[in-house]
Amino acid sequence: MIEMSAADLLMKGLSQPPQQKLVKLAGTQLNILEWGDPTRPGLLFLHGGAAHVGWWRFIAPFFLPDYHCIAVDISGHGDSARRSEYTPVLWSEEVLALVHERSLFMDPPVIIGHSMGGLIGIRAAVVLAEELPGLVIIDSSVRPHQANHAGDGNTQKRRNGSNLLGQKRIYASRQQALARFRLIPPQPCKNEVLLEYIAAESIHQTDEGWTWKYDPDAFRDLQPVSIFDELKEIACPTAIIYGQRSRILDRETAENMRSEIRNAMDLIEIADAYHHIMLDQPVVLIEELKRILKCWKYGD
């Protein structure tokens with residue numbers, strides 16, 4: 001295991017700048033970050049609900065030069081375009097379009113998705129079947145016969161009947177917006193330098209003031225669904241990673257998920273990690289992902 005502080009990890013990750021691209025796919029414009037040699041095996045990183053490509057900015061560069069890495073802002077997130085309506089199916093269609101876009105990937109990549117990104121990855125994996133070389137689900141909860149929020153595997157918590165992410169908020173200053181940044185679900189985070197970086201990348205200035213980059217409409221009308229039955233339709237090698245202290249995915253639920261996936265290879269608990277594992281234990285997450293890819297002989 002490599003030894004590296006969060007500050008050093010962030011500095012090293014940011015020292016390898018990606019190429020930023022805007023691509024028109026699946027009826028929208030998507031913002032992507034791209035690292036590495038396009039002829040190398042691909043990795044596609046998917047963020048969680050209300051998040052953005054910045055969550056992978058200090059993770060993806062550590063897979064160079066062995067892999068070609070792309071992180072995408074799903075529509076309604078980050079610097080991608082907004083839609084008049086959003087559905088989990090539309091989001092999965094965006095991922096399918098990225099996987100099949102030969103100007104980006106010479107062959108289908110391994111999909112690595114956190115939270116909502118893991119749910120989107122599951123839907124894409126069902127469609128891609130054996131075409132997909134692998135899927136890594138990071139702290140995405142799928143329960144049998146129980147509604148998961150369509151957006152982010154139960155992370156869109158409701159308080160007093162209101163959808164927290166479906167509310168538009170405007171702040172008078174950048175400092176005020178940064179002061180209001182919160183992780184959902186709430187959790188402590190010892191790596192403050194990473195949290196501060198994510199917060200700064202999560203806001204932008206508009207004519208009205210400072211606000212979050214994600215579109216509140218993306219979460220306002222999404223209906224709860226369960227995709228548990230789809231797990232058995234996944235054909236590619238699959239790994240499930242969860243945080244020991246996660247409020248989203250516990251071991252029992254993770255084991256139930258693995259039992260449904262016919263080609264589930266790994267179930268990995270990250271010690272001293274909550275839901276946002278890339279903030280809590282980024283070095284361990286990187287090492288585990290590399291180990292998984294090596295076991296799958298992907299990129300050899």
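Keep in mind the model is a prediction, meaning the values are calculated, not measured.
There is a path of hydrophobic side-chain contacts, each under 4.5 Å, that joins Ile198 to Val72. Placement of Val142 and Ile112 within a single hydrophobic cluster is found when ILVMFWY residues are connected by side-chain heavy-atom separations under 4.5 Å, directly or transitively. In terms of hydrophobic clustering, with Ile, Leu, Val, Met, Phe, Trp and Tyr side chains grouped at heavy-atom distances under 4.5 Å, Phe63 and Leu33 are assigned to different clusters. The hydrophobic cluster containing Ile286 also contains Leu14, counting ILVMFWY residues as joined when their side-chain heavy atoms lie under 4.5 angstrom apart, directly or transitively. Residues Leu90 and Leu46 fall into different hydrophobic clusters, defined by Ile, Leu, Val, Met, Phe, Trp and Tyr side chains chained together at heavy-atom separations under 4.5 Å.
In summary, the aromatic rings of Tyr197 and Trp55 are positioned with their centroids too far apart to meet the 6.0 Å limit. Annotation: Tyr86 is not in aromatic contact with Phe219 [ring centroid separation under 6.0 Å not met].
Under 4.0 Å is where a charged nitrogen must lie from a carboxylate oxygen, and between Arg258 and Asp266 no such pair does. Using a 4.0 Å cut-off between a side-chain N of Lys or Arg and a carboxylate O of Asp or Glu, Glu287 and Lys290 do not qualify as a salt bridge. Using a cut-off of 4.0 Å between Lys/Arg side-chain N and Asp/Glu carboxylate O, Asp79 and Lys213 are scored as salt-bridged. Taking 4.0 Å as the cut-off between side-chain N and carboxylate O, Glu208 and Lys168 count as a salt-bridged pair.
With respect to Phe45, the ring pair (Phe, Tyr, Trp, His ring centres under 6.0 Å) criterion is satisfied by exactly one of Tyr67, Phe58, Trp56: Trp56.
Taking the six-membered ring where the residue is Trp, His47 and His77 present tilted rings, their angle falling between 30° and 60°.
Between atom CG of residue Leu165 and atom CD1 of residue Ile184 there is a gap of 4.0 Å, rounded to the nearest 0.5 Å. Separating the CD1 atom in Ile240 from the CG atom in Leu267 is a distance of 6.0 Å, to the nearest 0.5 Å.
The closest side-chain donor-acceptor pair between Ser115 and Asp139, if any, does not fall under 3.5 angstrom. There is a side-chain donor-acceptor pair under 3.5 Å between Glu94 and Ser75. Under 3.5 Å, the side chains of His276 and Gln281 contain no donor-acceptor pair of N or O atoms. A donor and an acceptor atom, one from each side chain of Gln176 and Arg174, are nowhere located under 3.5 Å apart. A donor and an acceptor atom, one from each side chain of Asp250 and Thr253, are located under 3.5 Å apart.
Under a 3.5 Å cut-off, the side chain of Arg291 and the backbone N or O of Lys294 do not form any donor-acceptor pair. Judged purely by atom type and a 3.5 angstrom limit, Ser259 uses its side chain to pair as donor or acceptor with the backbone of Asn256. Judged by distance alone, the side chain of Arg220 and the main-chain N or O of Gly166 form a donor-acceptor pair under 3.5 Å. Using a distance-only test at 3.5 Å, with no hydrogens or angles considered, no donor-acceptor pair links the side chain of Thr238 to the main chain of Asn263.
For the pair Met4 and Phe62, the minimum side-chain heavy-atom distance is below 4.5 Å. At a threshold of 4.5 Å between non-hydrogen side-chain atoms, the residues Pro108 and Val99 count as touching. Within the 4.5 Å cutoff, the side chain of His100 has heavy atoms near those of the Glu131 side chain. With a 4.5 Å cut-off on side-chain heavy atoms, Thr28 and Lys24 do not count as touching.
Around NZ of Lys12, the count of heavy atoms belonging to other residues, nucleotides or ligands within 6.0 Å does not exceed 12. Heavy-atom contacts from other residues, nucleotides or ligands closer than 6.0 Å to CD of Glu192 number 12 or fewer.
Taking the side chain to side chain contact (heavy atoms under 4.5 Å, CB included) definition, one finds that Pro282 meets it with Leu9, Ile59, Asn191, Leu194, sequence neighbours left out. Qualifying side chain to side chain donor-acceptor pair (under 3.5 Å) partners for Glu269, counting only residues two or more places apart in sequence or in other chains: Tyr242. Taking the salt bridge (charged side-chain N to carboxylate O under 4.0 Å, His left out) definition, one finds that Asp272 meets it with Arg245, sequence neighbours left out.
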Apply the test side-chain hydrogen bond (donor to acceptor under 3.5 Å, both in side chains) to residues Glu201 and His52: give CA-CA distance (whole Å), side-chain angles for both, the deciding distance (0.1 Å), then the verdict. CA-CA 8 Å; Glu201 293 294 310; His52 48 77; 5.7 Å; no
